[in-house]
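Any value given below was found using the heavy atoms of this structure, including those in side chains, with hydrogens, waters and symmetry copies removed. Values in this document were obtained by computation on a predicted structure and should not be read as measured data.
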Amino acid sequence: MLDKIPLDRPKTPLLDSVNCPADLKQLELDQLDELARELRLFLLYSVGKTGGHFGAGLGVVELTIALHYIFNTPKDRLVWDVGHQAYPHKILTGRREQMLTMRQAGGLAAFPNRSESDYDMFGVGHSSTSISAMLGMMVGSRMQDRGNYNIAVIGDGAMTAGIAFEALNHAGYINENMLVILNDNNMSISDNVGGLSNYFARIWASKPYNFVRNRSMEVLAKIPTALKAAHRAEEYVKGMVSPGTLFEEIGFNYIGLVDGHDTRRLVDTLNNIKTLRGPQLLHIITQKGKGYSESEKHPQGMHALGKATPKPDDNKITATDSAKAPPPAPSFTYSQVFGKWLCELAEQDSMVVGITPAMGEGSGMREFEERFPDRFHDVAIAEQHSVTFAAGLACEGVKPVVAIYSTFLQRAYDQLIHDVALQDLNVLFAIDRAGLVGEDGPTHAGSFDLTYLRCIPNIIVMAPSDEDETYKLLSTGYLHEGPAAVRYPRGKGPGTPIVGGLEPVEIGKGWIRRKGNTISILAFGSMVTPALAVAEQLDATVADMRFVKPLDEELVAEMAASHKLLVTIEENAVYGGAGSAINEFLLASNIKLPVLNLGLPDRFLDHGKVPQMLAGVDLDSDSIANSIREKLKACKIRIKTT
């Protein structure tokens, strides 16, 4: 058991000999426990260097080894759900020495990625897709007479999503050979995995039990009713000692509970399962963060890790380090601003309810949960349900606030349109992680919300430029009669103090942040700050537009009448985004002047640091200024610059 992250590369001679699963298969069974120890140690070291998800990975070290030891990957299709737990898989499939590039520009992705390795069968980032994907692969392989096996590994949290059960139901109907592994790290091994549970698991995975089970199914139709009743009684007894009755009813042979940290037991069980016919569900119990004391004690808080840095007691702090200037005063993240606003609102309004689909911690709702537990609802990984649940609350006069990441709101688009907007219900969406999110890459980027929101009738869409504006626009959306959305980025804002309290602003009205000449920059949300920097160089006017819908048409018309060039800037897909809304208004109003639309390009952006990513797509202040100069030159517009 480790109590700190290794800062130096640990010695891992056995792991170093495994460069692919074929090497792993050369090891003796009694060597696998040592391999697991070294793999866990290397995982801690590498994530300590790069940051990233590691709690789930620590919990599936033994499972990952056993899967690659028994199955013939990549011919056998192994699909990891979400991908948080896939770091050990990456290490064992030829990417060990690349792990120090994880989440860095040009380095390994934070999640399984089809373009990165032949062993990554399906690109993921959003949860609960593994069974559906694996089932599609299985059917596609059968159509081409390929004799491969298909496995999906899904966590107990991901199993809460409806799509997982939709896939299970379909798999039971298809009734082909496949394996779903339910990795359950929400229970204590000491409480749930013992001699009795392992005994039943061995029986249910054994050849004799399944021979008798299958033969009994064949002859049941020919035997008397009394014997049929006895068979049903056996099924009910099995249900009492196993949580697998639901899976059995769907059509799976349930095998569990199995200790997910017992490598030998996993190998034996998987060997038996390979011989069985039909859909199999293996239920294993693991401990999230296994092997690292802090992660075992605090699995939620240690779900992911920042880069490890030496502490004073590591004897690695130099005199130069100690002489550095003190850190700047702390400032709020946008998530913290939202959490602060929600608590202040709840103190004044007893009808406010906070809803989150398993994003309470990341959305800044911890204090709200503690102070107002009766009005806090974490509905698990069920984005669709969270939106329709909010719609139901709104029907009863309650004012729900749905805290959700931009990338995950995409999963509830039908509910957003049909259940909320169509009925014009009072639901506020607090949309976190809008725009680029950095190291988590394109699966988590909030690149499209302005585009997919502004085309929906009845909804108002807002993009605050700083912390104080976030407070004001959240209040505006809450007081609005009808659907409203406030989208804000990940991380900290520019440090603007919150002075407005819960006072709203006038709907559909932006404001001028700086007056200049010739050029008017119409900036949305996070792009207001770089726009102000550009304006100092080019003596431009900057309008903080605030509202994407309804657009401040009066302000746009005023800017068009008094300037020679309009520039729109947004941290959203430039196609169909806020700039497109301005283009549409200008066209409809027959206003003709040069317009430059700046935003995220029409491609998925790989992971990296947000400032570098923005610079890479010309959305940093220097690039914005250069783009404007090029447009001025192309339009033969002359200005005086400072």
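A side-chain donor from one of Trp341 and Ser475 sits under 3.5 Å from a side-chain acceptor of the other.
Counting heavy atoms of neighbouring residues, nucleotides and ligands inside a 6.0 Å radius, atom NZ of Lys515 does not exceed 12 of them. Within 6.0 Å of CD in Glu584 there are more than 12 heavy atoms belonging to other residues, nucleotides or ligands.
Contact annotation: the side chain of Asn185 approaches that of Asp156 to within less than 4.5 Å [non-hydrogen atoms, C-beta and beyond]. Looking at Gln384 and Ser386, their side chains never come closer than 4.5 Å, going by heavy atoms from C-beta outward. The shortest side-chain heavy-atom distance between Val556 and Glu553 does not fall under the 4.5 Å cut-off. When side chains are defined from C-beta on, Phe368 counts as touching Arg375, because their heavy atoms get closer than 4.5 Å. The shortest side-chain heavy-atom distance between Ile181 and Ile154 does not fall under the 4.5 Å cut-off. Put simply, the side chain of Asp349 reaches to within 4.5 Å of the side chain of Tyr478, judged on heavy atoms. Side-chain contact between Phe547 and Thr476 is present, with heavy atoms from C-beta onward closer than 4.5 Å.
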Only pairs under 3.5 Å count here: list side-chain donor-acceptor contacts from residues 611-619, not counting sequence neighbours, and write none if there are none.
none

Please tabulate, one pair per line, all N/O donor-acceptor pairs under 3.5 Å involving side-chain atoms of residues 422-430, not counting sequence neighbours.
from	atom 1	to	atom 2	distance (Å)
Gln423	NE2	Asp419	O	2.8
Asn426	OD1	Gly482	N	2.4
Asn426	ND2	Glu481	OE1	3.0

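Not counting sequence neighbours, the partners of Ala578 by the side-chain contact (heavy atoms from CB on, under 4.5 Å) test are Leu450, Phe524, Val548, Glu570. Listed by chain and residue number, Lys90, Asn113, Glu116, His607 satisfy the side-chain contact (heavy atoms from CB on, under 4.5 Å) test with Ala109 (two or more places apart in sequence, or in another chain). Applying the side-chain hydrogen bond (donor to acceptor under 3.5 Å, both in side chains) rule to Ser406 yields the partners Asp449; only residues at least two apart in sequence or on another chain are considered. Looking at residues two or more places apart in sequence or on another chain, you find no side-chain hydrogen bond (donor to acceptor under 3.5 Å, both in side chains) involving Tyr334. Every side-chain contact (heavy atoms from CB on, under 4.5 Å) that Ser132 has, sequence neighbours left out, goes to Ile163, Ala167. With sequence neighbours excluded, the residues that form a salt bridge (charged side-chain N to carboxylate O under 4.0 Å, His left out) with Asp468 are Lys472. Partners of Arg546 under the side-chain hydrogen bond (donor to acceptor under 3.5 Å, both in side chains) rule, at least two apart in sequence or in another chain, are Glu469. When the side-chain contact (heavy atoms from CB on, under 4.5 Å) test is applied to Pro442, the partners found at least two apart in sequence or on another chain are Phe604.
Under 4.0 Å is where a charged nitrogen must lie from a carboxylate oxygen, and between Glu467 and Lys492 no such pair does. Taking the charged nitrogens against the carboxylate oxygens, Lys340 and Glu367 have no contact shorter than 4.0 Å, which rules out a salt bridge.
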| Please walk me through it: do Gln415 and Thr388 pass side-chain hydrogen bond (donor to acceptor under 3.5 Å, both in side chains)? | CA-CA 6 Å; Gln415 288 70 30; Thr388 304; 4.9 Å; no
| query | For Ser580 and Asn583, what are the C-alpha separation, side-chain angles and deciding distance, and is it a side-chain hydrogen bond (donor to acceptor under 3.5 Å, both in side chains)? | reply | CA-CA 5 Å; Ser580 292; Asn583 295 348; 4.8 Å; no
| task | With ring pair (Phe, Tyr, Trp, His ring centres under 6.0 Å) as the test, would you mind laying out the steps for Phe389 and His377 before giving the verdict? | result | CA-CA 10 Å; Phe389 175 59; His377 298 276; 5.2 Å; yes
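Note on residues 445-469: pairs passing ring pair (Phe, Tyr, Trp, His ring centres under 6.0 Å), not counting sequence neighbours, are Tyr413-Tyr452. Judged as a salt bridge (Lys or Arg N to Asp or Glu O under 4.0 Å), the pairs with a partner in residues 377-400 (not counting sequence neighbours) are, in order, Glu383-Arg411.
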